[in-house]
> 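Sharing a structure, written as structure tokens. Questions coming.
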Amino acid sequence: MKYLFFDIECANCFNGKGKICSFGYCIVDEEFNVIEIKDLIINPKDKFNLGPKGDERIHLAYSKEVFESSPDFLHYFEEIKNLFTQEDIMVFGHAVSNDISFLKSEFERYNLNPIDIKAYDTQVIYKQYKKDQNLSALDKLCVLYNIPVENLHRSDYDASLTMKLLKAICKETNNSIASLLEEYPNTYVEYKNNNISKSFEEMTNSKRLQSLSHSKIDRYKQRNIRYQKYSFDSEIEDNDYNLAKAYVRILAENDAIYLSKVSKCCYYICRNKVSKKSQEAFRRLNRIKEEGLKQSFYIISEEKFKEHFKIDEEKIKDYLEDKTR
């Protein structure tokens with residue numbers, strides 16, 4: 001069995017359609033010995049979108065002249081197709097659904113018959129292994145595993161980093177690639193019949209917070225505590241995720257838990273009265289009042305919530321830095 005790791009860079013993604021400017025890959029054997037590594041430099045036949053002038057976060061691996069003097073995607077199609085369809089090959093990428101969507105865009109742009117692809121995602125493998133939904137960027141994971149990072153966004157280099165990351169996870173878990181996938185089988189993205197599907201569920205911030213909070217439930221049950229249930233405004237969950245994590249940990253130490261659904265909580269922490277989740281909370285409160293039901297649901301402001309639990313900036317900092325809490 002051989003293993004293909006690939007990465008794609010785009011000139012732009014205007015209208016949600018990626019215009020590929022490089023396709024890099026690295027092929028290894030079962031012992032991670034490199035068989036082939038290559039970067040296909042592609043003329044995107046479209047303009048480059050590099051952000052505002054002087055934006056140092058965005059770098060081209062090659063000059064625009066190199067890209068524009070290279071063959072287009074159509075020229076490389078058969079070579080790319082052969083990579084994915086060769087016998088005894090398994091495919092990997094990092095956040096690979098993005099790369100597959102770029103290929104889908106190019107198949108459509110050049111009116112090509114799509115290639116069926118099944119690719120395992122090293123980002124998802126790491127998340128499932130570590131049960132960590134927060135750290136996921138390729139460069140940050142490489143730093144975590146002491147893998148040198150130098151030439152990000154050159155496709156063949158990023159593909160090789162993806163391979164090295166998987167190798168590090170295999171070593172840490174004492175697995176071969178095959179046995180690692182037996183432990184984490186639902187970590188792939190599939191492109192078939194012009195449709196992209198995922199074997200895993202991507203967690204929203206609210207689900208991540210609930211997962212963090214629910215890790216405390218067994219402790220509460222053992223202490224026979226009737227814990228209070230809180231939910232947060234989506235503006236807190238989505239715009240201030242780290243703050244929301246601190247809130248969840250503070251709740252945990254005060255015999256309370258976070259729930260993602262407004263319909264299941266006792267207290268809703270409101271930041272913006274017109275957010276979608278807040279509107280749902282007010283509809284629930286109005287229904288309780290209209291039907292004359294015993295009030296068991298309350299909407300409180302974020303300020304009142306912080307005041308009740310004596311939350312200040314220093315406390316938030318402490319709860320974010322101390323991961324044991």
Side-chain angles (χ1 to χ4, degrees), residues 1-10 20 22-40 61 80 82-103 115-192 196-203:
M1 181 65 72
K2 293 182 293 185
Y3 301 96
L4 167 68
F5 297 81
F6 80 103
D7 178 76
I8 288 172
E9 295 295 323
C10 290
I20 296 176
S22 65
F23 179 103
Y25 66 91
C26 174
I27 300 175
V28 301
D29 62 18
E30 295 178 1
E31 302 299 322
F32 289 97
N33 296 307
V34 175
I35 297 170
E36 183 181 8
I37 184 167
K38 189 175 182 180
D39 202 10
L40 305 179
I80 292 170
N82 290 336
L83 286 169
F84 288 114
T85 58
Q86 61 185 295
E87 291 185 358
D88 296 322
I89 195 81
M90 291 186 74
V91 181
F92 291 84
H94 195 82
V96 75
S97 61
N98 295 328
D99 299 291
I100 291 177
S101 70
F102 300 152
L103 288 169
I115 305 166
D116 288 349
I117 301 170
K118 180 179 178 180
Y120 286 88
D121 193 327
T122 53
Q123 184 182 75
V124 177
I125 290 170
Y126 173 82
K127 287 181 176 182
Q128 291 190 11
Y129 160 48
K130 290 289 191 180
K131 296 180 174 57
D132 182 353
Q133 298 297 322
N134 302 317
L135 187 63
S136 62
L138 180 59
D139 58 334
K140 289 182 171 57
L141 291 179
C142 285
V143 169
L144 182 68
Y145 281 99
N146 297 314
I147 301 167
V149 176
E150 297 172 355
N151 296 309
L152 277 176
H153 304 305
R154 201 180 93 176
S155 294
D156 59 340
Y157 183 76
D158 285 6
S160 69
L161 285 182
T162 303
M163 178 271 291
K164 291 173 182 177
L165 173 62
L166 187 68
K167 182 179 180 181
I169 294 173
C170 284
K171 182 178 180 181
E172 186 173 63
T173 58
N174 195 29
N175 273 302
S176 64
I177 297 178
S179 61
L180 184 71
L181 295 183
E182 285 179 5
E183 286 191 42
Y184 306 101
N186 295 321
T187 52
Y188 64 85
V189 178
E190 192 164 24
Y191 178 51
K192 195 170 186 177
I196 299 174
S197 61
K198 299 174 183 178
S199 64
F200 51 90
E201 181 182 0
E202 290 189 309
M203 294 184 77

> Report the C-alpha distance between Glu172 and Tyr129 in whole Å, list the side-chain angles of each, state the deciding distance to 0.1 Å, and finish with yes or no for side chain to side chain donor-acceptor pair (under 3.5 Å).
CA-CA 11 Å; Glu172 186 173 63; Tyr129 160 48; 2.8 Å; yes

> Can you tell whether the side chains of Asp116 and Lys118 come within less than 4.0 Å, N to carboxylate O?
no

> Is the distance between the ring centroids of Tyr184 and Tyr120 less than 6.0 Å?
no

> To the nearest 0.5 angstrom, please state how far the CG atom of Asn98 sits from the CD1 atom of Ile8.
10.0 Å

> Any chance you could measure Gln128, atom CD, to Asp121, atom CG, to the nearest 0.5 Å?
9.5 Å

> For Ala168 and Ile147, work out which heavy atoms get closest and say how close.
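Distance-wise, the nearest heavy atoms are CB-CD1, 4.4 Å.
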
> What are the two closest heavy atoms between Ser155 and Ser22, and how far apart are they?
OG-OG, 2.6 Å

> Distance from Ile37 atom CD1 to Tyr157 atom OH, nearest 0.5 Å?
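Taking CD1 in Ile37 and OH in Tyr157, the distance rounds to 10.0 Å.
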
> Considering residues, nucleotides and ligands other than Lys167, do more than 12 of their heavy atoms fall under 6.0 Å from its NZ?
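No, NZ of Lys167 has 12 or fewer neighbouring heavy atoms, counting only those of other groups under 6.0 Å.
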
> Can you tell if the side chain of Leu83 reaches within under 4.5 Å of the side chain of Leu4, non-hydrogen atoms only?
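Yes, close enough: below the 4.5 Å cut-off.
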
> Take Lys127 and Ser136, measure what side chain to side chain contact (heavy atoms under 4.5 Å, CB included) needs, and give me the verdict at the end.
CA-CA 7 Å; Lys127 287 181 176 182; Ser136 62; 3.5 Å; yes

> Decide side chain to side chain contact (heavy atoms under 4.5 Å, CB included) for Cys26 and Asp156; before the verdict, give the C-alpha distance in whole Å, the side-chain angles of both, and the deciding distance to 0.1 Å.
CA-CA 7 Å; Cys26 174; Asp156 59 340; over 6 Å; no

> May I ask you to test the Ile196-Ser101 pair for a side-chain heavy-atom distance under 4.5 Å?
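Yes. Closest side-chain heavy atoms under 4.5 Å.
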
> Just verifying a value: how many Å separate Ile177 CD1 and Leu180 CG, rounded to the nearest 0.5 Å?
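That separation rounds to 8.5 Å.
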
> Kindly compute the distance separating CG (Asp88) from NZ (Lys2), expressed to the nearest 0.5 Å.
8.0 Å

> Do Asp39 and Arg154 touch side chain to side chain, with heavy atoms closer than 4.5 Å?
yes

> Could you go through Glu36 and Tyr25, starting from their C-alpha distance and side-chain angles, then the distance that decides it, and tell me whether this counts as side chain to side chain donor-acceptor pair (under 3.5 Å)?
CA-CA 8 Å; Glu36 183 181 8; Tyr25 66 91; 2.8 Å; yes

> Please report the shortest heavy-atom distance between Val91 and Phe84, naming the atom on each side.
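Nearest pair, atom of Val91 first, then Phe84: CG1-CE2, 3.8 Å.
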
> What I'd like to find out is whether the side chain of Ile20 reaches to under 4.5 Å of the side chain of Leu103, using heavy atoms alone.
yes

> Taking the six-membered ring for Trp, are Phe6 and Phe23 closer than 6.0 Å centroid to centroid?
yes

> Is there side-chain contact between Glu183 and Asn175, with heavy atoms separated by less than 4.5 Å?
yes

> Could you give me the CA-CA distance, side-chain angles and deciding distance for Ile27 and Val34, then say whether side chain to side chain contact (heavy atoms under 4.5 Å, CB included) is met?
CA-CA 6 Å; Ile27 300 175; Val34 175; over 6 Å; no

> Checking Leu165 against Leu141 for the side chain to side chain contact (heavy atoms under 4.5 Å, CB included) test, could you report, in this order, the C-alpha distance in whole Å, the side-chain angles of both residues, the deciding distance, and whether it holds?
CA-CA 7 Å; Leu165 173 62; Leu141 291 179; 3.9 Å; yes

> Quick one: do the Thr122 and His94 side chains pair a donor with an acceptor below 3.5 Å?
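Looking only at side-chain atoms, His94 and Thr122 do form a donor-acceptor pair, the distance falling under 3.5 Å.
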
> Between Thr173 (side chain) and Ile169 (backbone), is there a donor-acceptor pair under 3.5 Å?
yes

> If I compare all heavy atoms of Ala119 with all of Ile100, which pair ends up nearest, and what's the gap?
CB-CD1, 4.2 Å

> May I ask you to test the Leu166-Phe5 pair for a side-chain heavy-atom distance under 4.5 Å?
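When only atoms from C-beta onward are counted, Phe5 and Leu166 do touch, with a gap below 4.5 Å.
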
> For the atom pair CD1 (Ile35) and OH (Tyr3), what is the distance rounded to the nearest 0.5 Å?
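Separation between the atoms: 10.5 Å.
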
> For Ile125 versus Phe92, what's the shortest heavy-atom pair and its separation?
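In this case the closest contact between Ile125 and Phe92 is CD1-CE2, 4.3 Å.
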
> Kindly check if the number of other-residue, nucleotide or ligand heavy atoms within 6.0 Å of CG (Asn82) is above 12?
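Counting other residues, nucleotides and ligands, CG of Asn82 exceeds 12 neighbours.
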
> Lys198 versus Ser97: any side-chain heavy-atom pair under 4.5 Å?
yes

